[in-house]
Protein chains: 2
Amino acid sequence: MAPLPVFVTPRCPVRTTLELVGGKWRLLVLHQLGAGPLRFGELRRALPGISEKMLVQELRLLTDAGLTQRHNYGEVPPRVEYELTDTGRAALPLVAAAADFGQHYLSTLQGEGPPADQPQ
Amino acid sequence: MAPLPVFVTPRCPVRTTLELVGGKWRLLVLHQLGAGPLRFGELRRALPGISEKMLVQELRLLTDAGLTQRHNYGEVPPRVEYELTDTGRAALPLVAAAADFGQHYLSTLQGEGPPADQPQ
DNA sequence: GGTAGTACTAACATTTAAGTAAGAAATGGC
DNA sequence: GCCATTTCTTACTTAAATGTTAGTACTACC
């Protein structure tokens, strides 16, 4: 994954994608935002297990990379919304493909354990 | 990513996918094998920068997870081929989506540096 | 006999990702 | 005055991923 500031090696498209949305959380963040803008806290609650530090960090990186946009309403207590940019929406087919494959894979593990959750 | 042996949390499909094909190399391995079976050494040469240790490790993990198949011809010098299983082929749309998004993203960085490589 | 190729394995080191915990600023409600 | 809420920062620690180096077994070739 890319360190800050975002630098993408202008080489293999697959590697570029991995640098942008690799890691444990970024695809899940994009998936959540695919349904519409969300506040920071809504996003945190929608991603069980993520720490505030990671969410801040990943949102900043996605925003720096141009996949998300930050709206600060300047209110107190703070109110900040995040939403996908056009570039971020261009990643939604990737998110969908990841969800599809995961679902397919889980379905091949016939009957071991409970069925899959909804994507987070 | 999953430690060996492969264990997939039967939960979110996106997380499942990340555990299976997350990391720096697995999508690239699948992409290579998408075009047909390859020998270990061919795969290594097709993935500049990968170490033998990583390639062995990732191939074993993909094979344990059922995405690839290993054929040992039992010859000397050794001759081993890897190819996708049906489950592995089910991941090819994900690889394609990753390549598409990477290409799209690189095209939005208009004119900075040389054009993208072919996917590896 | 020495060298090269092949597909590995093992021990170790380094780098990167992720997690934990505490706190800050500003306001509203009690 | 005290506590809660919200978004975010900082310092620190742990865990995981990846890299490096060396070595193995067997054969072919010069």
Side-chain angles (χ1 to χ4, degrees), chain A residues 1-9 15 18-29 32-33 37-65 68-83 120, chain B residues 1-9 15 18-29 32-33 37-65 68-83 120:
Chain A
M1 269 130 294
L4 295 166
V6 176
F7 174 71
V8 173
T9 64
R15 292 198 199 213
L18 290 172
E19 288 180 16
L20 285 171
V21 300
K24 190 172 175 180
W25 296 111
R26 285 179 217 164
L27 275 189
L28 295 167
V29 169
Q32 286 301 323
L33 294 179
L38 287 175
R39 294 184 59 172
F40 178 86
E42 294 173 318
L43 217 31
R44 173 164 42 82
R45 284 185 291 273
L47 296 170
I50 199 170
S51 65
E52 292 195 347
K53 179 202 129 184
M54 282 306 291
L55 185 51
V56 170
Q57 177 182 305
E58 301 302 67
L59 284 170
R60 182 193 303 266
L61 192 142
L62 289 171
T63 300
D64 288 353
T68 56
Q69 231 176 337
R70 201 181 94 111
H71 296 288
N72 186 352
Y73 287 82
E75 299 175 3
V76 169
R79 173 180 167 84
V80 180
E81 272 192 1
Y82 291 89
E83 69 175 320
Q120 283 161 354
Chain B
M1 269 129 295
L4 296 167
V6 177
F7 175 71
V8 173
T9 63
R15 293 198 198 213
L18 290 172
E19 290 180 14
L20 285 171
V21 300
K24 190 174 177 180
W25 297 111
R26 286 180 216 163
L27 274 191
L28 294 168
V29 170
Q32 286 301 325
L33 294 179
L38 287 175
R39 292 184 60 171
F40 179 85
E42 294 174 317
L43 218 31
R44 173 164 41 84
R45 284 185 290 273
L47 296 170
I50 199 171
S51 64
E52 293 196 347
K53 180 201 132 186
M54 283 306 291
L55 185 52
V56 170
Q57 177 182 305
E58 301 302 67
L59 284 170
R60 183 194 302 267
L61 193 142
L62 289 171
T63 299
D64 287 353
T68 57
Q69 230 176 337
R70 203 180 93 112
H71 296 288
N72 186 352
Y73 287 83
E75 298 174 3
V76 168
R79 174 182 167 82
V80 178
E81 272 192 2
Y82 291 88
E83 69 175 320
Q120 284 159 352

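To the nearest 0.5 angstrom, A:Leu28 atom CG is 11.0 Å from A:Leu55 atom CG. A:Gln32 contributes atom CD, which lies 15.0 Å from atom OH of A:Tyr82 (distance to the nearest 0.5 angstrom).
A heavy-atom distance below 4.5 Å is found between the side chains of B:Leu59 and B:Phe40.
Following rounding to the nearest Å, A:Leu47 (CG) and C:dA18 (P) show an atom-to-atom distance of 13 Å. Remark: C1' of C:dA17 and CE of A:Met54 are 7 Å apart, rounded to the nearest angstrom. If you take CG of A:Leu55 and P of D:dT9, they are 12 Å apart, rounded to a whole angstrom. One can place CG of B:Leu18 at 16 Å from P of D:dA16, the figure rounded to the nearest angstrom. One can place CZ of A:Arg26 at 14 Å from P of C:dT16, the figure rounded to the nearest angstrom. The interatomic distance linking B:Leu28 (CG) with D:dT18 (P) rounds to 11 Å, in whole Å. Residue A:Ile50 contributes atom CD1, which lies 12 Å from atom P of C:dT20 at whole-angstrom precision. Between the CD atom of A:Glu75 and the C1' atom of D:dT5 there is a distance of 13 Å, given to the nearest Å.
Here A:Gln69 pairs with A:His71, A:Glu83, A:Thr85 under the side chain to side chain contact (heavy atoms under 4.5 Å, CB included) rule; sequence neighbours left out.
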Just the table, please: protein N/O against nucleotides 3-10 of chain C N/O, every pair under 3.5 Å.
{"from": "C:dT6", "atom 1": "O3'", "to": "B:Arg39", "atom 2": "NH2", "distance (Å)": "3.1"}
{"from": "C:dT6", "atom 1": "O3'", "to": "B:Pro78", "atom 2": "O", "distance (Å)": "3.0"}
{"from": "C:dA7", "atom 1": "OP1", "to": "B:Arg39", "atom 2": "NE", "distance (Å)": "3.0"}
{"from": "C:dA7", "atom 1": "OP1", "to": "B:Arg39", "atom 2": "NH2", "distance (Å)": "3.0"}
{"from": "C:dA7", "atom 1": "OP2", "to": "B:Gly41", "atom 2": "N", "distance (Å)": "3.0"}
{"from": "C:dC8", "atom 1": "OP1", "to": "B:Arg70", "atom 2": "NH1", "distance (Å)": "2.2"}
{"from": "C:dC8", "atom 1": "OP2", "to": "B:Tyr82", "atom 2": "OH", "distance (Å)": "2.7"}
{"from": "C:dC8", "atom 1": "N4", "to": "B:Glu52", "atom 2": "OE1", "distance (Å)": "2.3"}
{"from": "C:dT9", "atom 1": "OP1", "to": "B:Arg60", "atom 2": "NH2", "distance (Å)": "3.0"}
{"from": "C:dT9", "atom 1": "OP2", "to": "B:Arg60", "atom 2": "NH2", "distance (Å)": "2.7"}

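Panel note: side chain A:Arg26, backbone A:Glu58; no donor-acceptor pair is recorded below 3.5 Å. The main-chain N or O of A:Glu52 is never found under 3.5 Å from a side-chain atom of A:Arg44 such that the two would form a donor-acceptor pair.
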